[in-house]
Amino acid sequence: KIGTPLKDWDIKINYGIKTGYNEAFIINTETKERLCKEDPKSAEIIKPILRGRDIKRYSYEWAGLWLINAHNNPPIKINDYPAIKNHLDQHYEKLVSRSDQGITPYNLRNCAYLEEFEKEKIVYSEIVHQPQFYLDKSKFYAEATNFIMTGHSLKYLIGLLHSKVVTFAFKNFYMGTELGEKGYRYKKAFIELLPIPLISEEKQKPFIELVERILNPQPPERGLLNLSTPLKGTATDGGSLDGDNDLDRKLYESIIDLMVYGLYFEESMKKHECYINEEITKLIEENPAELEKAIKNNKIIQRALIYSQNIPEIKIINGAK
C-alpha cells in the first residue's frame, strides 16, 4: 500500500558487462600499464571494473582490475589498438569459441546501455549475505556478477535498500529461493518488484543528508568522526568504511532505519511515540554542522532508538516469533 515497485520508478536496472571470457578481457594494473606503454592509445578502451566480490556495504574494495572495453556499439576496430590485439591474440582460441561476442572475436557482445556505466549509479552484487549497495561516481564498469541502477533519487534509494525493513520485505516476499550458505539473490526480476515509498524530493532530503554522512565521513573537528583509519571506497575517494568511523555509520544507519519505519508504519510509530522523521528534519535544518551531537543529545530520538524495539512490526522484522 505504501510503496511503489522499483519498475515504476524513473530508474534503469541493468546487468554488468558479460565478456564471455574474463581471463582475456579483465586485466590487472600491471598488464594495463604495459599495454599503455606499448601503445598509449590503449588507454582509450581500458576501464576500471568492479566484480561482485568487490562491493561492500555503502563502499567497495577495488582489486586493481581493468576491462578491455572492445565494445560492439559501434564495433571497436581492434587493429587500431595493436598492443591490445597482441594481448587478445594470446587467448584467440577461447575468444573465437565463446558465445558472448560481437562482430569479431575481439569485440564484446552488444550492450545497448553501455553509456550507463559512465553515469552516477548504484552498483550491487547479485548474490549476498547482507545488502551491499555502492553509489559510484567514479565511472567504474561492473562485471556480470553485479547489477547497476541509474536514474533519479539514488542517494535516497541506497539508504532504503540498506534498511532493515526493506531488507526484511525483500528476503521474505520478493527474492525467490534462498541459496543457503551462499546467501540470497538480488535478481533484476525480483528487485524490480520491491515496493519503495516514492516520496517528494523535499521529503527525501533528510534521508539523503544521512546517507551523505555515511558515504563521506567528516574529520573530527567537524563532528565525532575519526579519519585516522585509511578509507578505501567511499563515494568520493574510494575505501571501506571501517575503524572509528564505523560507530558513527551505525548511528546514522539506525536513524535511517527509524525513519524508514516511519514511512511504512507511521501510525504505529506515532502511537508508540517513536516517530522521528520530522524531528530529524528539524535538526538538520537548524544545525547540520553539529548533527551528530544533536542526535545523541535529543531525548525524542534516543527514546525512539530504545523503545521502537518493542513495536510489534519492528519485533517481527528483528526476528521475533
Participant: I need the full list of side-chain hydrogen bond (donor to acceptor under 3.5 Å, both in side chains) pairs touching residues 3-12, with sequence neighbours left out, sorted by first then second residue.
Facilitator: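 Sorted result for residues 3-12: Asp10-His152.
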Participant: Throw together a table of side-chain donor-acceptor distances under 3.5 angstrom for residues 30-38, partners on residues two or more places apart or in other chains.
Facilitator:
| residue | atom | partner | partner atom | Å |
| --- | --- | --- | --- | --- |
| Thr31 | OG1 | Asn28 | OD1 | 2.8 |
| Arg34 | NH1 | Glu38 | OE2 | 3.2 |

Participant: Is the distance between the ring centroids of Tyr15 and Phe147 under 6.0 Å?
Facilitator: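 Yes, the ring of Phe147 comes within the 6.0 Å limit of the ring of Tyr15, centre to centre.
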Participant: Against Lys270, only a single residue in Glu266, His272, Glu273 fulfils side-chain hydrogen bond (donor to acceptor under 3.5 Å, both in side chains); can you say which?
Facilitator: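 Going through Glu266, His272, Glu273 one by one, the side-chain hydrogen bond (donor to acceptor under 3.5 Å, both in side chains) with Lys270 is satisfied by Glu266 alone.
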Participant: Ignoring hydrogens and geometry, is there a side-chain-to-backbone donor-acceptor pair from Glu286 to Thr281 under 3.5 Å?
Facilitator: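 Flag not set: sc Glu286 to bb Thr281 has no pair under 3.5 Å.
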Participant: For residues 148-159, which residue pairs qualify under salt bridge (charged side-chain N to carboxylate O under 4.0 Å, His left out), counting only residues two or more places apart or in two chains?
Facilitator: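 As it turns out, the salt bridge (charged side-chain N to carboxylate O under 4.0 Å, His left out) pairs with a partner in residues 148-159, which skip direct neighbours, are Lys155-Glu212.
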Participant: State plainly whether the residues Glu278 and Lys282 are in salt-bridge range, i.e. N to O under 4.0 Å.
Facilitator: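 Salt bridge: no.
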Participant: Is it the case that the side chains of Ser254 and Asp257 hold a donor-acceptor pair, with the cut-off being a distance below 3.5 Å and no angle test?
Facilitator: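 There is no such pair between these side chains.
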Participant: May I ask you to decide if the ring planes of Tyr134 and Tyr60 are parallel, tilted or perpendicular, using 30° and 60° as cut-offs?
Facilitator: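 Plane angle between 30° and 60°, so tilted.
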Participant: Would you confirm whether Ser308, through its side chain, and Cys274, through its main-chain N or O, come within 3.5 Å as a donor-acceptor pair?
Facilitator: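 Such a contact is absent between Ser308 side chain and Cys274 backbone.
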Participant: Step by step, work out the ring pair (Phe, Tyr, Trp, His ring centres under 6.0 Å) result for Phe190 and Tyr174.
Facilitator: CA-CA 6 Å; Phe190 299 161; Tyr174 297 97; 9.4 Å; no
Participant: Treating Asp54 as the side-chain partner and Arg51 as the backbone partner, does any N or O pair qualify as donor plus acceptor under 3.5 Å?
Facilitator: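 It does hold such a pair.
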Participant: Applying ring pair (Phe, Tyr, Trp, His ring centres under 6.0 Å), which residue pairs with at least one partner in residues 61-95 are found, sequence neighbours left out?
Facilitator: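 Non-adjacent pairs meeting ring pair (Phe, Tyr, Trp, His ring centres under 6.0 Å): Tyr21-His91, Trp62-Trp66, Trp62-Phe140, His87-His91, Tyr92-Tyr106.
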Participant: Would you find a donor on one side and an acceptor on the other, under 3.5 Å apart, between the side chain of Asn107 and the backbone of Ile76?
Facilitator: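 Confirmed, Asn107 side chain pairs with Ile76 backbone.
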Participant: Could you work out, with salt bridge (Lys or Arg N to Asp or Glu O under 4.0 Å) as the rule, every residue matching Glu285, not counting sequence neighbours?
Facilitator: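 Residues passing salt bridge (Lys or Arg N to Asp or Glu O under 4.0 Å) with Glu285: none at all.
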Participant: Can you pull the salt bridge (charged side-chain N to carboxylate O under 4.0 Å, His left out) pairs that have at least one residue in residues 74-90, sequence neighbours excluded?
Facilitator: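 Pairs touching residues 74-90 that pass the test: Lys85-Asp89.
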Participant: Do Glu253 and Lys250 meet the salt-bridge criterion of a basic N to acidic O distance under 4.0 Å?
Facilitator: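 Result for this pair is no, no salt bridge flagged.
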Participant: Please determine, by modelled atom types, if Glu292 and Tyr252 share a side-chain donor-acceptor pair under 3.5 angstrom.
Facilitator: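 Side chains of Glu292 and Tyr252: pair found under 3.5 Å.
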